[in-house]
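Taking it in order: structure first as structure tokens, then the write-up.
Chain naming here is simple, since letters A, B, ... match the order of the sequence lines and numbering starts at 1 in each.
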There are 2 protein chains.
Amino acid sequence: MSVSVKRGRPPGMMDVARLAGVSHQTVSRVLNEHKNVSEQTRLKVRAAIAELGYRPDRAARALVTGTSQVIGVVAQNSSLYGPASMLTAFEEAAQATGFAVNVGSVRSLDERSITEAVERHLDQRVAGLVVIAPVASAGPALAHLPADVPLVTIDGDPERSSTLVTVDQVAGAKAATKYLLDAGHQAVWHISGPSDWFDAAGRIRGWEAALKEAGVEIPPLLTGDWSAGSGYRNGQLLARLPDVTAVFTANDHIALGLLRALNEHGRKVPGDVSIIGFDDVPEAAYFTPPLTTVRPDFAAVAAATLELLITQIESGTSEIGTRRTIAPTLIERDSVARPA
Amino acid sequence: MSVSVKRGRPPGMMDVARLAGVSHQTVSRVLNEHKNVSEQTRLKVRAAIAELGYRPDRAARALVTGTSQVIGVVAQNSSLYGPASMLTAFEEAAQATGFAVNVGSVRSLDERSITEAVERHLDQRVAGLVVIAPVASAGPALAHLPADVPLVTIDGDPERSSTLVTVDQVAGAKAATKYLLDAGHQAVWHISGPSDWFDAAGRIRGWEAALKEAGVEIPPLLTGDWSAGSGYRNGQLLARLPDVTAVFTANDHIALGLLRALNEHGRKVPGDVSIIGFDDVPEAAYFTPPLTTVRPDFAAVAAATLELLITQIESGTSEIGTRRTIAPTLIERDSVARPA
DNA sequence: GACAGCCATGTTTGCGTTCACATTCTGGCC
DNA sequence: GGCCAGAATGTGAACGCAAACATGGCTGTC
């Protein structure tokens, strides 16, 4: 019943070897599942490991191999739903494959901050690096990284030649816009995200493309900043234009603010105005009315990212230029109706 | 102008020492800012470091010192606003003090999962551990941790004897309830979070305490699960009771669902029913109507946690029993009115 | 002028692991 | 019976760093 309090250094390979009556090298072989170890000694070593409660020291292994089982992630320290979900999805995926995740939050995604964060990670001898870089300012920093470290960018610059995984913003926005057009709306307005975000730019392009394909004139673009506040402010404007009957917002929170503005001006949703958002935040189903929106598959992005990264880690080469695009899904709810 | 591509092992102390014409130990002394190094050699070494682009190898340092500059965080892999905000706040705080943060997400906070996550961290020789453990099920796991590793729990069991930092749920809930009573409401209802969460339990206690102090009878407790959906479902019920004029919800998303239920039943907020939420999610200011709510100070919690943890790390002892409670703030918006 | 004391620096050792190489043992074949 | 292949195991070094100990030079004191 007595639990011995561990004092001093934990047991090392040598201790295990001594107890099992073998050399430390044999212990190492058992640990790394080398062949050419007899079943008998394997069992002896396993028993000794269990008895001592031995756990291999990753630091020592990292020292000699020059690498670790840790993946460094650089992400902006924001509580924006998209990036935050991306991060947790990736953590979960990485853990399932036995990699630890080291998060280097960064206050803003400018070159200096990213470079610093990356260098902190390199100090730790990370095996690979993931940068969640949804804004243009991150570009220069990524261009100057050492080429020999495995790196995958999420939501980065589609024009850059790095390994990249993205949500297909254009397709999502197009689907949303088309959905509104198909419902019979003559025009679809758009409140966008900040223009330096690739996500925002992609959603704008998809919106424009859908309108163009339908031969519909493109209304003036309204610019938001992902926040509900920006949806509200732009909504004040839209609410006064009686010919506005359909709006695609760059995310759900903008839609929420828009909803409030329309409500204050007595315009009904979806009776007078139809709305589609983007992200499918968990509470979107409980907006008033429940919001039709576009849902990105964060888990799929995370899985693809990890797969590409592990390929690079194992091959030792950084296969620059690989792309992976994940298509989002339109979620139908009650914020869209046929115009009167 | 030529940038040499780094190949093979990066430069080590030896390389720096050779270039500076000193011994590697002197380099070490400069790095660790030891005294007894002449200004002259200090400069020489610094120059050599800069020229080679030398960066100390943390793995090697960890090996020899037996510890690292990494803090392990165990957190549930959820996108719930509270825990997620807590996590990012802590990451930011830790980074400011030069600690790296290793996140061990965990799917659920049962004993097994936590123990596993903790052991993964211990493998990495983390300097300290933070567990964000807002649910009762985490208790047993925390009780069986090795006592010699610095550990701080956030939002853990108030009854346990570990070092603990919490938001003062009781005070926040009390303030909200009192605010509604002071506005003239005869009764205040509550839609709670899941009963196994300490946060939820604390908010229930605060609500009850405020009612008791005011000599008001305590209405039946409605139980939610933090989600907007649970707010909506409970709202269906409340909306049909004409004497319900004030509701305190355990978080903002529950309030959002409640808002929709009330709206569907034609009950105006705040005209017919007043509501106060908890969390102050960024979009709460743009609910319809803007939500009066209670804002926990995540940054303060993170700072307190880090401070306690660093104290333990530096002293080597785990000063069990220290507590820190952070008071939240009531944010007044438009979802509360005097009853008719 | 000898000796203590301090300062700046160098030398050695070892952290726990893997890798490259060495050694021993086993069995099959002529 | 001798020899060789290959399997099983062992030995020694190296990884990059910090701590303990060792050295040499300078200053001040009597």
Side-chain angles (χ1 to χ4, degrees), chain A residues 6-46 48-49 52-70 122-127 316, chain B residues 6-49 52-70 122-127 314 316:
Chain A
K6 283 158 196 162
R7 269 277 138 249
R9 291 258 175 179
M13 257 188 184
M14 282 303 205
D15 303 307
V16 176
R18 209 170 303 129
L19 182 58
V22 298
S23 77
H24 63 117
Q25 176 61 313
T26 301
V27 176
S28 172
R29 279 193 269 255
V30 170
L31 250 53
N32 299 348
E33 283 167 342
H34 268 253
K35 43 196 161 250
N36 295 353
V37 180
S38 74
E39 194 54 28
Q40 198 184 0
T41 55
R42 190 191 309 278
L43 289 176
K44 269 195 306 187
V45 170
R46 286 259 154 75
I49 288 176
L52 291 175
Y54 164 80
R55 339 203 80 230
D57 185 329
R58 313 276 190 154
R61 187 196 302 243
L63 176 61
V64 58
T65 61
T67 184
S68 65
Q69 288 286 95
V70 178
L122 293 181
D123 280 357
Q124 310 270 352
R125 294 279 190 272
V126 293
Chain B
K6 283 156 198 165
R7 270 276 139 250
R9 289 258 175 179
M13 257 188 184
M14 282 302 205
D15 304 307
V16 175
R18 210 170 302 131
L19 181 59
V22 299
S23 77
H24 65 115
Q25 176 62 301
T26 301
V27 177
S28 172
R29 280 193 268 254
V30 171
L31 249 52
N32 299 350
E33 284 168 340
H34 270 253
K35 42 198 160 251
N36 295 353
V37 180
S38 75
E39 194 55 28
Q40 197 183 0
T41 54
R42 189 188 309 278
L43 289 176
K44 269 194 306 186
V45 170
R46 286 257 153 76
I49 288 176
L52 291 176
Y54 165 80
R55 338 205 78 230
D57 185 331
R58 310 279 189 151
R61 186 193 301 235
L63 178 60
V64 61
T65 59
T67 184
S68 65
Q69 288 286 95
V70 178
L122 293 181
D123 278 358
Q124 310 271 351
R125 296 275 190 277
V126 293
E314 287 177 350

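- For B/D57 (side chain) and B/A59 (main-chain N/O), a donor-acceptor pair under 3.5 Å exists by modelled atom type.
- Residues passing the salt bridge (Lys or Arg N to Asp or Glu O under 4.0 Å) test with A/D123, sequence neighbours excluded: B/R55, B/R58.
- Distance A/Q25 CD to C/dT24 P: 17 Å, rounded to the nearest Å.
- The list of salt bridge (charged side-chain N to carboxylate O under 4.0 Å, His left out) pairs with a residue in residues 10-27 of chain B, not counting sequence neighbours, reads B/D15-B/R18.
- Using a 4.0 Å cut-off on heavy atoms, the residues of residues 27-36 of chain A that approach DNA chain D are A/R29, A/N36, listed by number.
- For DNA chain C, the residues of residues 14-24 of chain A within the heavy-atom distance limit of 4.0 Å (strictly under) are A/H24, sorted by number.
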Taking N or O atoms only and anything under 3.5 Å, show me the protein contacts with nucleotides 4-6 of chain C, one pair per line.
none

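- Listed pair B/T41 / C/dA8 fails the phosphate criterion, with no side-chain N or O lying under 4.0 Å from OP1 or OP2.
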- Item | Dot-bracket notation for DNA chain C, counting Watson-Crick and G-U pairs under 3.5 Å, with | for partners on another strand | ||||||||||||||||||||||||||||||

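- Taking each heavy atom of A/V45 and A/V22 in turn, the nearest pair found is CG2-CG2, 4.0 Å.
- For the segment residues 54-64 of chain A, the set of residues with a heavy atom within less than 4.0 Å of an atom of DNA chain D comprises A/L63, A/V64, in numerical order.
- To the nearest 0.5 Å, atom CD1 of residue A/I49 and atom NZ of residue A/K44 are 13.0 Å apart.
- With sequence neighbours left out, the side chain to side chain contact (heavy atoms under 4.5 Å, CB included) criterion links A/Q40 to A/S38.
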Donor-acceptor pairs are to be reported for all side-chain atoms of residues 24-31 of chain B against protein atoms at under 3.5 Å, with residues two or more places apart or in another chain.
unit_1, atom_1, unit_2, atom_2, d
B/T26, OG1, B/S23, OG, 3.4

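- In this view, B/E39 and B/R42 satisfy the salt bridge (Lys or Arg N to Asp or Glu O under 4.0 Å) rule, not counting sequence neighbours.
- Chain B approaches DNA chain D within less than 4.0 angstrom (heavy atoms of the protein), and the contacting nucleotides run 5' to 3' from D/dC15 to D/dA20.
- Shown here for B/R125 and B/S68, the closest heavy-atom pair between the two residues is O-OG, 2.7 Å.
- Between B/S38 and the phosphate of C/dT9, there is a side-chain N or O to OP1/OP2 separation shorter than 4.0 Å.
- Qualifying side chain to side chain donor-acceptor pair (under 3.5 Å) partners for A/R61, counting only residues two or more places apart in sequence or in other chains: none.
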